[in-house]
Enquirer: 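Let me give you the structure first, and then I'll get to my questions.
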Amino acid sequence: MDNHKLALLALLCLAPSAVHCGGDEEEATLRCGDGTQEKDGACVALPALAPRECGQGTVYDEATNSCLPDYDVLCAEGMLFDEALNDCVPAKVDYPEAAEDNDPRAGGTPLGITLPEVGKTITVGGQIDAPTVIDDPSWGDKVWPDIDGVEFEAKAGQVLRLEGTSLGALPSVAFMVVPSDLYSETPTSLSPVRYGLAADGRNPVRYVRFLEDGTYWLLISDKDNLVGLESTGGADMKYVVALSSLAPPPDAVAPLGSEVVDNILDEPSFTKIDGAAPDMVVLLEVGQPKVFGMTIRHLFLLDENDAIVRRLSDTRAIELFSGKQVSLPMDSERMVLAQGTLKLFLDYEMWGGNDADYPLLVSEQKVTELGKIGKSSPAVAKKDEKLKTGKQGLNVYRFDVDAAEGAFIRLRIDDFDPGSKHRPIGVIRDSHYGLLGYVDPVGTGENEVELFIEGGKGYIEIFNGESGGGSYSYDFTLEFVEPVTNVVAEKEPNDKIGNAQVLSLSSLPVKVEAQLATTDLTDVYQVTPADDGEFTFYGYAPLCDVALTLYDKSGNGLDMGDDMFGSPWEETITHALTGGQTYYLEVRLWQAGEYPYALVVR
């Protein structure tokens, strides 16, 4: 029993009462022993008080038949309960702030620490000083809040529990866990920023499961400093952050055909999903968490060895990897996985931590084969196709492209009732199941789309964009428009206008097969058309997001193609060019890595 409980019992023993702290012998005046009370001239047992009736942070004490504070529960390892402050304070700080110039984002040297073993806790502590005001002639006064940096190495799969405690006059401590190269010009880590924030002044708690080996920063400050509100800091604004290593929780399993699965995000885990048979695809519908507040979703796909396959950055993102067929349809939060076994890692950033649950529904969808599209079979038409409405309203078709270097194809949707709540949307996907383009006759007024697709298999999804009951029919036609036969290779270096690769437009369509390096996010091509005309540039990167920008000879931007959703959606620029004039086309990938892409000019 600790000193707090002994002191409380001593007070009880001194107080006048029918209950005494010695034996239970009977004297002239009846005295009853521990756990008994006088009733009708006899000592009877006190009514039992079940331990479960004690509130959080308290424990049942048999001697006093009452709930007393459980200091071991209230305070984490390395912390003590301070009765004066009615809060937990550090018994000691394992890693105190060594120097003030420790914000690594501003070139400072962060405090280096070593993460504890599983089951152990370490603490870091410091003070948030007053913000620095810098007089900038172009911007006026700039206020730089004090943000303390801590650096450590983590392994993929490690789980940390972080809890921040405000001490002294600090209004509210907050922290972020970020990969150390997040603020560099060419970040390579896919790991997301993880916030530990509490809007109501409570101690923020955050569970973090690292998805990659690497160097990470723990950035600590007041909440308002981190989220860009009014800056604060000053004397006696101290904090402590406790870092506890936990054993990774077991993977959740979502079998095909399973109903909604509630996944509790108090300790982040993976959900394992088995792929479908060759003639099926798997539909994953991930719902919103059942909480209010800031909810930024992180979606990752991992292989069976927990290596990142692709980051799904945002609810509308689409990412791919080495034949794994993964996508997130543009108008919903449904994700499609075909053939293979992958793991889904889903996490939300929320005010006050990540204790929440979210629904996950796993179902299957059959694929209809369309056959081969090419010169010998230039079109395939399907009439009176039936499409249900609601969540089950999705038809998937697969076809083969008879052109080794790729081809232009056209999808057309006809014969539907525009006056009803029937809105057939057609999506064309590549062999990785990545979105290339779509046609939405009701929403856009256009009932056909023409685009470039690589050789191999392709997919068509048709689903209803409106609500309503029942089912209805539609017609669609897929046509082979033009093969691509003129293929050239990329020539390095070509990362800026000064060393742009010259691309001839004498034989169109022309295709460039290229790849961006890990530290090279941009390639530039120079084109000079012989005659006036309208030219279309297609940028296609099957494994990550691509953006195109067209410049004139002086480097002035003329046009841009970027879907802004972080997807491998094919980007297109169509622009009228003047014969004899020089233009530059920039191809940029929004994610670092050695990813291939194709540039096609038509």
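Just so it is clear, the values below take in all heavy atoms, side chains as well, and ignore hydrogens, waters and symmetry mates. Since this is a predicted model, take the numbers as computed values, not measurements.
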Enquirer: Just to verify, which of Val439, Val396, Leu370 counts as forming a side-chain contact (heavy atoms from CB on, under 4.5 Å) with Ile460?
Expert: Leu370
Enquirer: Can you measure from CD (Glu385) to CD1 (Ile413) and round to the nearest 0.5 angstrom?
Expert: 11.5 Å
Enquirer: Taking C-beta and beyond as the side chain, do Tyr525 and Glu490 meet within less than 4.5 Å on heavy atoms?
Expert: yes
Enquirer: Under 3.5 Å, is there a donor-acceptor pair between the side chain of Thr215 and the main chain of Ser180?
Expert: no
Enquirer: Using a 4.5 Å cut-off on heavy atoms from C-beta on, say whether the side chain of Val193 contacts that of Val177.
Expert: no
Enquirer: Determine the minimum heavy-atom distance between Ile462 and Leu387, stating which atoms define it.
Expert: O-CD1, 3.6 Å
Enquirer: For Glu454 and Val401, run side-chain contact (heavy atoms from CB on, under 4.5 Å): C-alpha distance rounded to whole Å, both residues' side-chain angles, the deciding distance at 0.1 Å, then the answer.
Expert: CA-CA 8 Å; Glu454 292 277 14; Val401 179; over 6 Å; no
Enquirer: Using side-chain heavy atoms (C-beta onward) and a distance below 4.5 Å, is Val487 in contact with Glu513?
Expert: yes
Enquirer: Check Glu571 with Arg588, please: is the shortest side-chain N to carboxylate O separation under 4.0 Å?
Expert: no
Enquirer: When rounded to the nearest 0.5 angstrom, what is the spacing between CG in Leu599 and CZ in Phe452?
Expert: 10.0 Å
Enquirer: Looking at every non-hydrogen atom in both residues, tell me the closest pair between Arg398 and Tyr459 and how far apart they are.
Expert: NH1-OH, 3.2 Å
Enquirer: With a distance cut-off below 6.0 Å to the six-membered ring centre and an angular limit of 45° from the axis, does Arg602 pair with Phe408 as a cation-pi contact?
Expert: yes
Enquirer: Please confirm whether the backbone N or O of Gly579 pairs with a side-chain atom of Asp532, one donor and one acceptor, at under 3.5 Å?
Expert: yes
Enquirer: For Glu479, enumerate each residue passing the salt bridge (charged side-chain N to carboxylate O under 4.0 Å, His left out) test, keeping only those at least two apart in sequence or located in another chain.
Expert: Arg410
Enquirer: Is a side-chain N or O of Asp213 found less than 3.5 angstrom from the main chain of Lys155, in a donor-acceptor match?
Expert: no
Enquirer: Quick one: does any side-chain atom of Lys272 pair with a main-chain N or O of Asp251 as donor and acceptor, under 3.5 Å?
Expert: no
Enquirer: Where do Glu450 and Glu482 land on the side-chain contact (heavy atoms from CB on, under 4.5 Å) test, with the steps shown first?
Expert: CA-CA 10 Å; Glu450 187 172 306; Glu482 181 181 24; over 6 Å; no
Enquirer: Which value, rounded to the nearest 0.5 Å, describes the distance between Met176 atom CE and Trp217 atom CH2?
Expert: 10.5 Å
Enquirer: Between Glu461 and Leu394, is the side-chain contact (heavy atoms from CB on, under 4.5 Å) condition met? List the steps.
Expert: CA-CA 7 Å; Glu461 279 186 354; Leu394 173 68; 4.1 Å; yes
Enquirer: Can you tell me if Ser191 uses its side chain to pair, donor with acceptor, with the backbone of Pro179 under 3.5 Å?
Expert: no
Enquirer: To the nearest 0.5 Å, what is the distance between CG on Leu503 and OG1 on Thr528?
Expert: 10.0 Å
Enquirer: Could you walk me through whether Tyr597 and Asp523 pass the side-chain contact (heavy atoms from CB on, under 4.5 Å) check?
Expert: CA-CA 11 Å; Tyr597 72 90; Asp523 285 340; 2.7 Å; yes
Enquirer: Could you tell me whether the side chain of Leu585 reaches within less than 4.5 Å of the side chain of Val527, counting heavy atoms only?
Expert: no
Enquirer: With the side chain counted from C-beta on, respond yes when Val600 and Tyr540 share a heavy-atom pair under 4.5 Å apart, and no when they do not.
Expert: no
Enquirer: Distance-only, no hydrogens or angles: does the Asn486 side chain make a donor-acceptor pair with backbone N or O of Ser507 under 3.5 Å?
Expert: yes
Enquirer: Could you work out, with side chain to side chain donor-acceptor pair (under 3.5 Å) as the rule, every residue matching Ser504, not counting sequence neighbours?
Expert: Ser506
Enquirer: Rounded to the nearest 0.5 Å, what separates atom CD1 in Ile428 from atom CG in Leu451?
Expert: 4.5 Å
Enquirer: Kindly indicate whether the side chain of Phe537, heavy atoms from C-beta on, has any atom under 4.5 Å from the side chain of Asp559.
Expert: no
Enquirer: Could you report the tightest heavy-atom contact between Gly157 and Arg209, atom names first, then the distance?
Expert: O-NE, 4.0 Å
Enquirer: Any non-hydrogen side-chain atom of Glu151 less than 4.5 Å from a side-chain atom of Pro104?
Expert: no
Enquirer: In Å, rounded to the nearest 0.5 Å, how long is the span from NZ of Lys386 to OH of Tyr474?
Expert: 10.5 Å
Enquirer: Considering only heavy atoms from C-beta outward, does the side chain of Tyr583 approach that of Pro529 to under 4.5 Å?
Expert: yes
Enquirer: So which atom in Gly374 and which in Phe480 form the shortest heavy-atom distance, rounded to 0.1 Å?
Expert: CA-CD1, 3.4 Å
Enquirer: Do you know the tightest heavy-atom contact between Leu508 and Leu505?
Expert: CG-O, 3.6 Å
Enquirer: Locate the shortest heavy-atom distance separating Val512 from Ala489; write the atom from each residue and the value.
Expert: CG1-C, 4.4 Å
Enquirer: Do Tyr397 and Phe476 pass the ring-ring contact (aromatic ring centres under 6.0 Å, His included) test, and can you show the C-alpha distance, the side-chain angles, and the key distance before you say yes or no?
Expert: CA-CA 11 Å; Tyr397 305 87; Phe476 77 89; 4.8 Å; yes
